[in-house]
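Below, chains carry the letters A, B, ... as their sequence lines are ordered, and counting in each starts from 1.
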There are 4 protein chains.
Amino acid sequence: MTQGTAEDAGPVSPLPERLLRAATHLFAENGYENTSVQEIVTAAGVTKGAMYHYFAAKDDLLYEIYHRLLALQAERLERLAGGTGTPEERLRAAAVDVIGTSCEHLDELTVFFRSMHLLPKDKRKAVRAERRRYHERFRSLVEEGQRSGAFRPDVPADLAVNFFFGGVHQLSTWWHPDGPMGPREVGEYYVGLFLNGLCPLEA
Amino acid sequence: MTQGTAEDAGPVSPLPERLLRAATHLFAENGYENTSVQEIVTAAGVTKGAMYHYFAAKDDLLYEIYHRLLALQAERLERLAGGTGTPEERLRAAAVDVIGTSCEHLDELTVFFRSMHLLPKDKRKAVRAERRRYHERFRSLVEEGQRSGAFRPDVPADLAVNFFFGGVHQLSTWWHPDGPMGPREVGEYYVGLFLNGLCPLEA
Amino acid sequence: MTQGTAEDAGPVSPLPERLLRAATHLFAENGYENTSVQEIVTAAGVTKGAMYHYFAAKDDLLYEIYHRLLALQAERLERLAGGTGTPEERLRAAAVDVIGTSCEHLDELTVFFRSMHLLPKDKRKAVRAERRRYHERFRSLVEEGQRSGAFRPDVPADLAVNFFFGGVHQLSTWWHPDGPMGPREVGEYYVGLFLNGLCPLEA
Amino acid sequence: MTQGTAEDAGPVSPLPERLLRAATHLFAENGYENTSVQEIVTAAGVTKGAMYHYFAAKDDLLYEIYHRLLALQAERLERLAGGTGTPEERLRAAAVDVIGTSCEHLDELTVFFRSMHLLPKDKRKAVRAERRRYHERFRSLVEEGQRSGAFRPDVPADLAVNFFFGGVHQLSTWWHPDGPMGPREVGEYYVGLFLNGLCPLEA
DNA sequence: GATGAATGAGTTTTCATTCAT
DNA sequence: GATGAATGAAAACTCATTCAT
């Protein structure tokens with residue numbers, strides 16, 4: 001009777017997911033502060049009450065967007081960083097991978113870096129903690145490589161990681177999914193720059 | 001007529017400056033949309049009428065913040081990029097310098113990347129154009145170095161510049177003026193990473 | 001069928017009672033308008049559907065709280081006022097008794113005087129009518145005493161009853177069940193004041 | 001040019017006063033919770049923004065209503081209680097007077113006793129403190145009379161004062177300004193009841 | 001009987017901006 | 001030049017009630 005096919009699937013997609021998708025898109029497009037709850041629920045095809053049934057506040061949507069992306073990336077980093085291979089191989093794989101997921105979730109990434117500061121204190125703290133854990137796992141990979149002699153020991157690992165993620169976060173200002181470069185390509189270039197710099201190796 | 005004589009201050013009243021300083025600080029602290037005009041004028045010690053005498057709208061403050069930082073950095077880039085020395089020397093100098101001014105104007109930088117999207121379309125376009133000119137001057141320096149053989153030619157210059165500025169914009173998330181590292185030190189590290197990467201030169 | 005046998009509970013399910021108890025407590029604590037239906041059903045350990053099965057609307061709870069207290073007090077007044085003894089004895093007994101039941105049902109009393117005006121017109125009218133009947137029965141007792149010469153005839157009986165019940169309704173602003181005075185003691189004092197005033201009898 | 005007469009009186013009455021008057025009337029009529037800010041400002045002939053220019057929140061109106069009535073009554077009590085005459089004379093005068101001002105400010109009184117519990121904690125505390133001071137001044141008058149032998153010493157003064165003010169607060173449930181009894185008359189009756197009780201003096 | 005997702009009309013509050021003085 | 005009272009449009013959020021299951 002509804003638009004579902006044969007199964008008893010109910011609505012096409014659960015409401016919370018639909019709301020998050022709509023919110024992510026609108027936040028990325030117009031900014032969190034310029035997006036009203038009304039616009040979100042209209043985009044999701046429901047009313048405000050429905051949204052507040054699932055999310056206690058507008059900033060819960062924001063938090064959830066961050067949290068999901070972070071959880072996804074943290075899980076993948078864990079797997080790749082804890083895999084086999086030299087530290088350099090693992091760092092390279094992890095770095096290319098995070099660029100891949102960042103490109104796939106460009107809207108989330110945009111929202112993340114523009115609007116994290118708009119979260120209420122407690123949620124901001126939670127996100128920061130999740131972020132820090134992620135950062136530290138990445139940093140430990142750099143340090144491993146420094147101890148093994150694969151990386152220069154004279155650059156603080158913390159600083160190097162911050163530098164690299166700056167580039168990652170910047171992605172959304174210039175990269176577009178339908179542009180000439182694919183995520184994989186961007187990843188290889190970025191990681192190349194990160195690990196080898198601009199100067200020719202034999203110079 | 002006012003208390004300024006003939007010195008560098010010029011004949012302009014210091015009021016617009018005071019307003020911009022207050023706005024910059026509050027925008028960086030609480031976000032543009034969470035800062036009311038009332039808070040700004042209170043912080044600057046004036047009234048709303050006075051502010052609207054100098055700025056047509058709240059977003060004029062935002063625009064002006066961007067514009068001034070960009071103008072400053074563009075002017076310095078012009079000077080350094082057009083100076084003497086090899087392309088690598090000039091790029092290095094320009095890169096260290098932009099990190100220096102970014103550290104000196106950390107609030108402006110923060111506001112820039114958090115709130116640019118909140119500008120009305122026309123002002124946003126203007127800022128983007130200024131930004132693009134800046135980016136292009138920087139990129140041309142990279143290209144010069146690629147042509148001269150100082151830099152690897154296999155990395156798109158655009159991408160490299162974006163990568164580097166990602167790191168620069170990220171600065172405000174981890175660097176603090178009273179932390180252990182000075183702007184100069186950060187600059188050297190960043191530029192080192194950018195130009196030489198993480199891997200030892202003889203590997 | 002349920003767990004109640006043949007005892008005083010009767011065949012009625014305890015659910016409406018549980019809801020009313022929870023509502024009474026919450027209304028007294030936070031006010032009618034500051035208490036949501038959700039809070040009531042949560043406190044009663046049921047769901048909204050269950051509540052709406054027994055009560056057509058939130059204000060039915062309010063009405064029922066009033067109605068039950070009034071019915072209880074009216075029944076007791078009837079018994080005492082229609083008993084034996086002089087009018088003075090019967091008024092004294094009735095007055096002490098109403099203070100007793102008021103102290104026992106302090107939450108209901110609180111709700112009554114704070115929130116009666118929030119009832120929709122028709123229910124408010126019903127409560128007022130019940131209240132008036134109660135008042136009139138009490139007043140007739142005073143008038144009886146005035147006719148018998150036990151009470152001063154120069155005070156309008158209506159006014160005297162209103163004066164007395166003012167004191168009763170005020171109870172919830174200062175009396176607490178675990179304070180130093182018991183309901184009986186308060187009753188004796190109040191009735192003493194009402195019937196004899198503050199001035200010494202031989203003055 | 002406006003509707004003022006000859007003087008430069010400006011608007012007929014200052015806006016805050018107009019708002020308070022409108023709010024008092026509506027709160028008394030329909031209850032605080034059933035009165036929207038919109039209704040208040042409409043009644044006062046302005047817009048919401050204007051109201052929030054003078055009152056930080058809806059409950060500020062509530063607080064102000066209480067506070068003004070209490071200040072008025074406290075000042076009058078102070079004058080009468082500290083005057084000349086026997087304690088009985090002064091208590092009588094003060095009691096009649098408070099009934100007078102209560103009748104004159106019946107709406108405020110109604111609002112007071114229905115809605116004090118709706119104030120936020122801090123304002124509620126402030127009102128309670130003001131109220132307690134008032135109560136204590138009144139009580140001290142009763143105690144003075146008890147020490148002088150004019151009043152029965154066997155009734156706790158606190159309780160007597162509570163009893164009396166119960167009657168006062170009850171006023172708004174039965175007295176109307178255009179009814180047969182004037183404030184003075186009510187006052188005399190109430191005070192008569194309070195001081196002499198219902199029973200004939202020679203009984 | 002009972003559930004709880006969803007509604008929709010309502011609430012208080014905020015704030016950039018204007019304009020009479 | 002400067003003030004600050006007032007506007008008006010919009011915001012986030014609440015909640016009693018309904019209804020398909």
Side-chain angles (χ1 to χ4, degrees), chain A residues 1-2 8 10-11 14-16 19 32-41 44-61, chain B residues 1-2 13 15 32-42 46-62 120, chain C residues 1-2 13 15 32-42 46-62 120, chain D residues 1-2 8 10-11 14-16 19 32-41 44-61:
Chain A
M1 206 181 235
T2 61
D8 63 346
L15 187 41
L19 285 163
Y32 176 79
E33 312 100 311
N34 277 341
T35 303
S36 70
V37 169
Q38 185 57 60
E39 286 172 301
I40 298 167
V41 298
V46 288
T47 59
K48 275 188 272 197
M51 192 209 98
Y52 281 99
H53 188 72
Y54 292 103
F55 298 92
K58 188 188 173 190
D59 54 50
D60 263 23
L61 291 166
Chain B
M1 206 180 239
T2 61
S13 143
L15 208 158
Y32 176 75
E33 295 283 8
N34 283 337
T35 303
S36 70
V37 168
Q38 186 57 63
E39 287 173 300
I40 298 167
V41 298
T42 299
V46 291
T47 60
K48 280 196 258 193
M51 192 208 98
Y52 279 99
H53 185 70
Y54 292 106
F55 297 93
K58 186 187 176 190
D59 52 48
D60 266 22
L61 290 166
L62 194 53
Chain C
M1 207 181 238
T2 61
S13 144
L15 208 158
Y32 176 77
E33 295 282 9
N34 283 337
T35 303
S36 70
V37 169
Q38 186 57 62
E39 285 173 300
I40 298 167
V41 299
T42 299
V46 292
T47 59
K48 280 197 256 194
M51 193 209 96
Y52 279 98
H53 185 72
Y54 292 105
F55 297 92
K58 187 188 174 190
D59 53 48
D60 267 22
L61 289 166
L62 194 53
Chain D
M1 207 181 234
T2 60
D8 64 345
L15 187 41
L19 284 163
Y32 176 80
E33 311 100 311
N34 278 341
T35 303
S36 70
V37 169
Q38 186 56 64
E39 286 173 301
I40 297 168
V41 298
V46 288
T47 58
K48 276 188 272 197
M51 193 209 98
Y52 281 99
H53 188 71
Y54 292 104
F55 298 94
K58 188 187 174 190
D59 53 50
D60 263 23
L61 290 166

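The line from CG of D59(B) to OH of Y32(B) is 4.5 Å long, rounded to the nearest 0.5 Å. Taking CG of L19(D) as the reference point, atom CG of D60(D) lies at 12.0 Å (rounded to 0.5 Å). In this structure, CG in L15(A) is found 9.0 Å from NE2 in H53(A), a value given to the nearest 0.5 Å. Separating the NZ atom in K58(C) from the NZ atom in K48(C) is a distance of 11.5 Å, to the nearest 0.5 Å.
Taking the P atoms as reference points, dT21(F) lies 22 Å from dG1(E), given to the whole Å.
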Scan nucleotides 12-15 of chain E against the protein and return all N/O pairs shorter than 3.5 Å with their distances rounded to 0.1 Å.
{"from": "dT12(E)", "atom 1": "OP1", "to": "T35(D)", "atom 2": "O", "distance (Å)": "3.4"}
{"from": "dT12(E)", "atom 1": "OP1", "to": "K58(D)", "atom 2": "NZ", "distance (Å)": "2.9"}
{"from": "dT12(E)", "atom 1": "OP2", "to": "V37(D)", "atom 2": "N", "distance (Å)": "3.0"}
{"from": "dT13(E)", "atom 1": "OP2", "to": "Y52(D)", "atom 2": "OH", "distance (Å)": "2.6"}
{"from": "dT13(E)", "atom 1": "OP2", "to": "K58(D)", "atom 2": "N", "distance (Å)": "2.9"}
{"from": "dT13(E)", "atom 1": "O5'", "to": "Y52(D)", "atom 2": "OH", "distance (Å)": "3.4"}
{"from": "dT13(E)", "atom 1": "O4", "to": "K48(D)", "atom 2": "NZ", "distance (Å)": "3.2"}

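Base pairing in DNA chain F gives the following stems of 3 or more Watson-Crick or G-U pairs, range against range and under 3.5 Å: E:2-21 with F:2-21.
Atom OH of Y54(A) and atom C1' of dG4(E) are 9 Å apart (whole Å).
Of the candidate nucleotides dA2(F), dA6(E), dG1(E), dA2(F) has the atom nearest to the side chain of T47(B).
Looking at heavy-atom distances under 4.0 Å, H53(B) makes contact with sugar-phosphate atoms alone, never a base. Nucleic acid contact for V46(C): none, since no nucleic acid atom lies under 4.0 Å from a heavy atom of the residue.
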Could you walk me through whether N34(A) and E33(B) pass the side-chain contact (heavy atoms from CB on, under 4.5 Å) check?
CA-CA 9 Å; N34(A) 277 341; E33(B) 295 283 8; 3.2 Å; yes
Begin from the C-alpha positions of V41(D) and T47(D) and carry the test side-chain contact (heavy atoms from CB on, under 4.5 Å) through to its verdict.
CA-CA 6 Å; V41(D) 298; T47(D) 58; 5.7 Å; no
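Annotation for Y54(D) and P16(D): closest pair CD2-CG, 3.6 Å, computed over non-hydrogen atoms.
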